[in-house]
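In what follows, residues are counted from 1 in the order of the sequence shown.
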Amino acid sequence: MVVQSTGLLAGRRAVVTGGANGIGRAVAERFRTEGAQVAVIDAEPADIPGVPGIQADLSDLDRLPTLAADVQHELGHVDILVNSAGVFQPCPVTELDRTTYDQILAVNLHAPVFLTRHLVPGMTERGYGSVLNISSIHGEHGEAASLAYDVSKAGLNAATRTFAIELAAHGVLVNAIAPGFVNTRMAVTDGVNELQTTTFRNIYLANKKLPIGRPAEPAEVAPLAAWLCSERNTYLTGQVVTMDGGLTATF
(Lines give C-alpha, C1' and ligand atoms only; values in the text may rest on other atoms or scores of the structure.)
Protein backbone atom coordinates (compact mmCIF):
# COMPACT_ATOMS: atom_id res chain seq x y z
CA MET A 1 0.00 0.00 0.00
CA VAL A 2 1.42 3.38 -1.05
CA VAL A 3 0.93 6.31 1.34
CA GLN A 4 2.23 9.84 1.21
CA SER A 5 5.53 10.52 2.96
CA THR A 6 4.49 14.05 3.92
CA GLY A 7 1.61 15.54 5.83
CA LEU A 8 0.48 15.90 9.42
CA LEU A 9 0.14 12.15 9.84
CA ALA A 10 2.95 10.87 7.65
CA GLY A 11 3.97 7.37 8.67
CA ARG A 12 1.18 6.96 11.20
CA ARG A 13 -1.30 4.10 11.19
CA ALA A 14 -4.92 4.83 12.04
CA VAL A 15 -8.18 2.99 12.41
CA VAL A 16 -11.47 4.85 12.01
CA THR A 17 -14.80 3.37 13.02
CA GLY A 18 -17.88 4.41 11.08
CA GLY A 19 -15.60 5.10 8.14
CA ALA A 20 -18.00 4.16 5.35
CA ASN A 21 -19.87 7.48 5.43
CA GLY A 22 -20.38 10.77 7.23
CA ILE A 23 -17.75 12.20 9.56
CA GLY A 24 -15.91 8.89 9.77
CA ARG A 25 -15.44 8.72 6.02
CA ALA A 26 -14.30 12.34 5.85
CA VAL A 27 -11.79 11.67 8.62
CA ALA A 28 -10.46 8.53 6.94
CA GLU A 29 -10.05 10.37 3.63
CA ARG A 30 -8.35 13.33 5.30
CA PHE A 31 -5.98 11.07 7.21
CA ARG A 32 -4.97 9.46 3.92
CA THR A 33 -4.20 12.84 2.37
CA GLU A 34 -2.16 13.67 5.47
CA GLY A 35 0.04 10.62 4.90
CA ALA A 36 -1.47 8.06 7.27
CA GLN A 37 -2.08 4.42 6.53
CA VAL A 38 -5.75 3.92 7.38
CA ALA A 39 -8.20 1.08 7.96
CA VAL A 40 -11.89 1.52 8.67
CA ILE A 41 -14.43 -0.50 10.61
CA ASP A 42 -18.09 -0.15 9.66
CA ALA A 43 -21.28 -2.16 9.53
CA GLU A 44 -21.45 -1.27 5.83
CA PRO A 45 -18.84 -1.90 3.14
CA ALA A 46 -16.37 0.96 2.77
CA ASP A 47 -15.16 1.87 -0.70
CA ILE A 48 -12.40 4.39 -0.01
CA PRO A 49 -9.54 3.84 -2.46
CA GLY A 50 -6.45 2.51 -0.74
CA VAL A 51 -8.24 2.04 2.58
CA PRO A 52 -9.01 -1.51 3.72
CA GLY A 53 -12.38 -1.98 5.35
CA ILE A 54 -13.43 -4.42 8.03
CA GLN A 55 -17.18 -4.97 8.06
CA ALA A 56 -18.50 -5.46 11.58
CA ASP A 57 -21.43 -4.65 13.84
CA LEU A 58 -19.94 -2.67 16.71
CA SER A 59 -22.91 -3.48 18.93
CA ASP A 60 -21.50 -7.03 19.05
CA LEU A 61 -19.28 -6.26 22.01
CA ASP A 62 -17.95 -9.81 22.27
CA ARG A 63 -16.28 -9.35 18.87
CA LEU A 64 -14.29 -6.27 19.85
CA PRO A 65 -11.12 -8.09 20.97
CA THR A 66 -11.03 -9.88 17.62
CA LEU A 67 -11.65 -6.61 15.76
CA ALA A 68 -8.77 -4.98 17.60
CA ALA A 69 -6.52 -7.88 16.65
CA ASP A 70 -7.71 -7.74 13.03
CA VAL A 71 -6.90 -4.04 12.56
CA GLN A 72 -3.53 -4.44 14.22
CA HIS A 73 -2.79 -7.30 11.84
CA GLU A 74 -3.97 -5.22 8.87
CA LEU A 75 -1.88 -2.18 9.76
CA GLY A 76 1.02 -3.77 11.59
CA HIS A 77 0.21 -1.66 14.62
CA VAL A 78 -2.18 1.18 15.49
CA ASP A 79 -1.00 4.68 16.39
CA ILE A 80 -4.38 6.40 16.14
CA LEU A 81 -7.92 5.32 16.93
CA VAL A 82 -10.86 7.47 15.88
CA ASN A 83 -14.18 6.32 17.33
CA SER A 84 -16.66 7.88 14.91
CA ALA A 85 -19.34 5.22 14.49
CA GLY A 86 -22.66 6.25 15.99
CA VAL A 87 -26.36 5.52 15.85
CA PHE A 88 -29.41 7.59 16.78
CA GLN A 89 -33.05 6.65 17.07
CA PRO A 90 -35.50 9.26 18.40
CA CYS A 91 -37.80 7.91 21.07
CA PRO A 92 -39.81 9.59 23.85
CA VAL A 93 -38.82 8.38 27.32
CA THR A 94 -42.29 6.90 27.86
CA GLU A 95 -41.76 4.63 24.85
CA LEU A 96 -38.10 3.78 25.33
CA ASP A 97 -37.41 0.06 25.37
CA ARG A 98 -34.37 -1.82 26.59
CA THR A 99 -33.41 -3.08 23.13
CA THR A 100 -33.18 0.41 21.64
CA TYR A 101 -31.39 1.78 24.68
CA ASP A 102 -28.83 -1.05 24.73
CA GLN A 103 -28.18 -0.80 20.97
CA ILE A 104 -27.44 2.92 21.10
CA LEU A 105 -25.19 2.64 24.14
CA ALA A 106 -23.37 -0.37 22.71
CA VAL A 107 -22.37 1.40 19.49
CA ASN A 108 -21.91 4.94 20.82
CA LEU A 109 -20.27 4.27 24.18
CA HIS A 110 -19.30 0.69 24.95
CA ALA A 111 -17.61 -0.02 21.60
CA PRO A 112 -15.38 3.10 21.80
CA VAL A 113 -14.46 2.29 25.40
CA PHE A 114 -13.47 -1.29 24.73
CA LEU A 115 -11.81 -0.73 21.35
CA THR A 116 -9.68 1.84 23.14
CA ARG A 117 -9.08 -0.62 25.95
CA HIS A 118 -7.85 -3.26 23.49
CA LEU A 119 -5.74 -0.96 21.29
CA VAL A 120 -4.00 1.32 23.78
CA PRO A 121 -1.61 -1.31 25.20
CA GLY A 122 0.29 -1.23 21.91
CA MET A 123 0.33 2.57 21.97
CA THR A 124 1.61 2.73 25.53
CA GLU A 125 4.28 0.15 24.74
CA ARG A 126 5.57 2.36 21.93
CA GLY A 127 5.13 5.53 24.01
CA TYR A 128 2.98 7.25 21.40
CA GLY A 129 -0.67 7.27 20.45
CA SER A 130 -3.82 9.27 19.98
CA VAL A 131 -7.47 8.42 20.59
CA LEU A 132 -10.18 10.70 19.25
CA ASN A 133 -13.86 10.23 20.05
CA ILE A 134 -16.53 11.84 17.91
CA SER A 135 -19.01 12.96 20.52
CA SER A 136 -21.82 15.53 20.19
CA ILE A 137 -23.20 18.63 21.85
CA HIS A 138 -25.75 16.13 23.18
CA GLY A 139 -23.07 15.12 25.67
CA GLU A 140 -23.68 18.40 27.50
CA HIS A 141 -27.13 19.47 26.32
CA GLY A 142 -30.26 17.33 26.39
CA GLU A 143 -33.05 17.16 23.86
CA ALA A 144 -36.50 15.57 23.89
CA ALA A 145 -36.75 12.04 22.46
CA SER A 146 -32.96 11.64 22.65
CA LEU A 147 -32.37 10.11 26.07
CA ALA A 148 -30.29 7.11 25.00
CA TYR A 149 -28.21 9.19 22.60
CA ASP A 150 -27.69 11.92 25.20
CA VAL A 151 -26.59 9.37 27.79
CA SER A 152 -24.21 7.70 25.35
CA LYS A 153 -22.48 10.95 24.42
CA ALA A 154 -22.26 12.18 28.01
CA GLY A 155 -20.64 8.86 28.89
CA LEU A 156 -18.25 9.15 25.96
CA ASN A 157 -17.15 12.58 27.19
CA ALA A 158 -16.51 11.15 30.66
CA ALA A 159 -14.58 8.22 29.18
CA THR A 160 -12.47 10.66 27.16
CA ARG A 161 -11.38 12.46 30.31
CA THR A 162 -10.62 9.32 32.31
CA PHE A 163 -8.65 7.66 29.50
CA ALA A 164 -6.68 10.89 29.12
CA ILE A 165 -5.81 10.97 32.81
CA GLU A 166 -4.57 7.39 32.84
CA LEU A 167 -2.72 7.40 29.51
CA ALA A 168 -0.97 10.78 29.50
CA ALA A 169 2.08 9.45 31.29
CA HIS A 170 2.46 6.84 28.53
CA GLY A 171 2.50 9.33 25.66
CA VAL A 172 -1.10 8.76 24.59
CA LEU A 173 -3.41 11.75 24.15
CA VAL A 174 -7.19 11.32 24.26
CA ASN A 175 -9.67 13.94 23.11
CA ALA A 176 -13.13 14.31 21.64
CA ILE A 177 -14.83 16.54 19.10
CA ALA A 178 -18.44 17.50 19.83
CA PRO A 179 -20.17 18.60 16.62
CA GLY A 180 -23.57 20.25 16.44
CA PHE A 181 -25.61 20.00 13.25
CA VAL A 182 -23.70 18.11 10.55
CA ASN A 183 -24.94 17.22 7.09
CA THR A 184 -24.87 13.42 7.45
CA ARG A 185 -27.37 10.59 7.27
CA MET A 186 -27.96 10.93 11.01
CA ALA A 187 -29.93 14.08 10.25
CA VAL A 188 -32.51 11.96 8.43
CA THR A 189 -35.25 10.25 10.45
CA ASP A 190 -38.09 8.33 8.79
CA GLY A 191 -37.16 9.92 5.48
CA VAL A 192 -37.21 13.48 6.84
CA ASN A 193 -34.00 15.51 6.90
CA GLU A 194 -34.21 17.81 9.92
CA LEU A 195 -31.80 20.21 8.23
CA GLN A 196 -34.41 20.86 5.55
CA THR A 197 -37.44 21.33 7.79
CA THR A 198 -39.35 24.51 8.48
CA THR A 199 -38.50 24.12 12.17
CA PHE A 200 -34.78 24.13 11.45
CA ARG A 201 -35.03 27.10 9.11
CA ASN A 202 -37.19 29.15 11.48
CA ILE A 203 -35.51 28.40 14.80
CA TYR A 204 -31.88 27.94 13.90
CA LEU A 205 -31.47 30.04 10.77
CA ALA A 206 -34.08 32.81 10.80
CA ASN A 207 -33.72 33.36 14.56
CA LYS A 208 -29.93 32.99 14.36
CA LYS A 209 -29.67 30.26 16.97
CA LEU A 210 -27.00 28.87 14.65
CA PRO A 211 -24.73 31.90 14.11
CA ILE A 212 -22.82 30.53 11.13
CA GLY A 213 -26.18 29.97 9.44
CA ARG A 214 -25.73 26.44 8.13
CA PRO A 215 -24.87 22.94 9.28
CA ALA A 216 -21.30 21.70 9.05
CA GLU A 217 -20.09 19.41 6.31
CA PRO A 218 -18.20 16.29 7.42
CA ALA A 219 -15.09 17.51 5.60
CA GLU A 220 -15.02 20.54 7.91
CA VAL A 221 -14.62 18.31 10.97
CA ALA A 222 -11.83 16.21 9.46
CA PRO A 223 -8.99 18.82 9.55
CA LEU A 224 -9.49 19.33 13.29
CA ALA A 225 -9.43 15.57 13.76
CA ALA A 226 -6.17 15.35 11.83
CA TRP A 227 -4.52 18.07 13.92
CA LEU A 228 -5.66 16.59 17.23
CA CYS A 229 -4.21 13.21 16.24
CA SER A 230 -0.97 14.62 14.86
CA GLU A 231 2.41 15.25 16.47
CA ARG A 232 1.66 18.97 16.35
CA ASN A 233 -0.70 18.34 19.24
CA THR A 234 1.76 17.92 22.09
CA TYR A 235 -0.26 19.06 25.09
CA LEU A 236 -4.02 19.06 24.51
CA THR A 237 -5.62 16.02 26.13
CA GLY A 238 -8.76 15.15 28.07
CA GLN A 239 -10.73 17.79 26.20
CA VAL A 240 -14.08 17.81 24.42
CA VAL A 241 -13.73 20.37 21.64
CA THR A 242 -17.10 21.80 20.64
CA MET A 243 -17.46 22.44 16.91
CA ASP A 244 -21.00 23.64 16.37
CA GLY A 245 -20.96 26.85 14.35
CA GLY A 246 -21.62 28.87 17.51
CA LEU A 247 -24.85 27.02 18.34
CA THR A 248 -24.22 26.44 22.04
CA ALA A 249 -22.94 29.99 22.45
CA THR A 250 -26.56 31.08 22.00
CA PHE A 251 -27.96 28.78 24.70
message: Using 0.5 Å steps for rounding, measure from the CG atom of D42 to the CD1 atom of I48.
response: 9.0 Å
message: As an exercise, state the distance from CG of N157 to OG1 of T162, rounded to the nearest 0.5 Å.
response: 11.0 Å
- request: Please assess R32 against V51 for the test side-chain contact (heavy atoms from CB on, under 4.5 Å), listing each intermediate value before the final yes or no.
  value: CA-CA 8 Å; R32 281 283 294 167; V51 175; 3.5 Å; yes
field: Considering all heavy atoms, the nearest L8-E34 contact
entry: N-OE1, 2.9 Å
- prompt: Could you walk me through whether T242 and D244 pass the side chain to side chain donor-acceptor pair (under 3.5 Å) check?
  reply: CA-CA 6 Å; T242 300; D244 65 356; 5.7 Å; no
query: Can you tell me if R161 uses its side chain to pair, donor with acceptor, with the backbone of Q239 under 3.5 Å?
result: no
field: Joint hydrophobic cluster, L109 plus V151, side-chain heavy atoms closer than 4.5 Å
entry: no
task: Taking all heavy atoms of Q89 and all of I104, pick out the closest pair and write down the distance.
output: N-CD1, 3.9 Å
- request: Take L105 and Y101, measure what side-chain contact (heavy atoms from CB on, under 4.5 Å) needs, and give me the verdict at the end.
  value: CA-CA 6 Å; L105 263 69; Y101 183 81; 3.8 Å; yes
- prompt: Side chain of N207, backbone of K209: donor and acceptor closer than 3.5 Å?
  reply: no
message: Test of understanding: clusters of I, L, V, M, F, W, Y form through side-chain heavy atoms closer than 4.5 Å, transitively. Do I177 and W227 belong to the same one?
response: yes
- prompt: How many angstroms lie between NZ in K153 and CD in E140, if you round to the nearest 0.5 Å?
  reply: 13.0 Å
field: F200: side chain to side chain contact (heavy atoms under 4.5 Å, CB included) partners, not counting sequence neighbours
entry: F181, L195, T197, Y204, L205, L210, P215
- prompt: Do V120 and L167 touch side chain to side chain, with heavy atoms closer than 4.5 Å?
  reply: yes
- prompt: Are side-chain heavy atoms of T184 and N21 found at a separation under 4.5 Å?
  reply: no
- prompt: What about L58 and V78, same hydrophobic cluster or not, with Ile/Leu/Val/Met/Phe/Trp/Tyr joined at side-chain heavy-atom distances under 4.5 Å?
  reply: yes
query: Quick one: do E220 and R214 make a salt bridge, cutoff under 4.0 Å?
result: yes
salt_bridge(E231, R12) N-O dist < 4.0 Å: yes
field: Distance (rounded to the nearest 0.5 Å) between I41 CD1 and Q55 CD
entry: 12.0 Å
- prompt: Between V113 and M123, is there a shared hydrophobic cluster once you connect ILVMFWY residues whose side-chain heavy atoms come closer than 4.5 Å?
  reply: yes
query: Out of curiosity, L236 CG to N175 CG, how far, rounded to the nearest 0.5 Å?
result: 5.0 Å
- prompt: Do V241 and L224 have side chains that get closer than 4.5 Å, going by heavy atoms?
  reply: yes
4.5 Å side-chain heavy-atom contact, D79 and R13: yes
query: Would a 4.5 Å heavy-atom cut-off, applied to side chains only, mark T116 and F163 as touching?
result: yes
message: How close do A164 and T237 get, counting heavy atoms only, and between which atoms?
response: CB-OG1, 3.5 Å
message: Does E194, at its CD atom, have more than 12 non-hydrogen atoms belonging to other residues, nucleotides or ligands within less than 6.0 Å?
response: yes
- prompt: Is there side-chain contact between L96 and L147, with heavy atoms separated by less than 4.5 Å?
  reply: yes
task: For the pair N233 and S230, evaluate side chain to side chain donor-acceptor pair (under 3.5 Å) and give the outcome as yes or no after the intermediate values.
output: CA-CA 6 Å; N233 176 20; S230 77; over 6 Å; no
- request: Provide the closest heavy-atom pair for L156 versus P112 in the form atom of the first, atom of the second, distance.
  value: CD1-CB, 3.7 Å
- prompt: Taking atom CG of L75 and atom NE2 of H73, what is their separation to the nearest 0.5 Å?
  reply: 10.5 Å
L132 and I80, any side-chain heavy atoms less than 4.5 Å apart: no
task: Group every Ile, Leu, Val, Met, Phe, Trp and Tyr by side-chain heavy-atom contacts under 4.5 Å, then state whether V27 and V182 land in the same group.
output: yes
message: Is any side-chain heavy atom of I54 closer than 4.5 Å to one of V40?
response: no
- line: Heavy-atom closest pair (L64 atom, A111 atom, distance to 0.1 Å) is CD1-CA, 3.7 Å
query: Which ring pair (Phe, Tyr, Trp, His ring centres under 6.0 Å) pairs, counting each pair once, include a residue from residues 129-161, with sequence neighbours left out?
result: F88-Y149, H138-Y149, H141-F251
- request: Could you tell me whether E44 and R25 make a salt bridge, using a distance below 4.0 angstrom between a side-chain N and a carboxylate O?
  value: no
- request: Identify the two heavy atoms, one from P218 and one from G22, that lie closest to each other, and give their separation to 0.1 Å.
  value: CB-O, 3.6 Å
message: Quick test of your reading: applying side chain to side chain donor-acceptor pair (under 3.5 Å), list the pairs with at least one residue in residues 119-134, sequence neighbours left out, ordered by first then second residue.
response: N83-N133, N133-T160
query: If you count the non-hydrogen atoms of other residues, nucleotides and ligands that lie under 6.0 Å from CD in E166, is the total more than 12?
result: no
message: I need the single residue from V82, V71, L81, I23 that forms a side-chain contact (heavy atoms from CB on, under 4.5 Å) with V16. Which is it?
response: V82
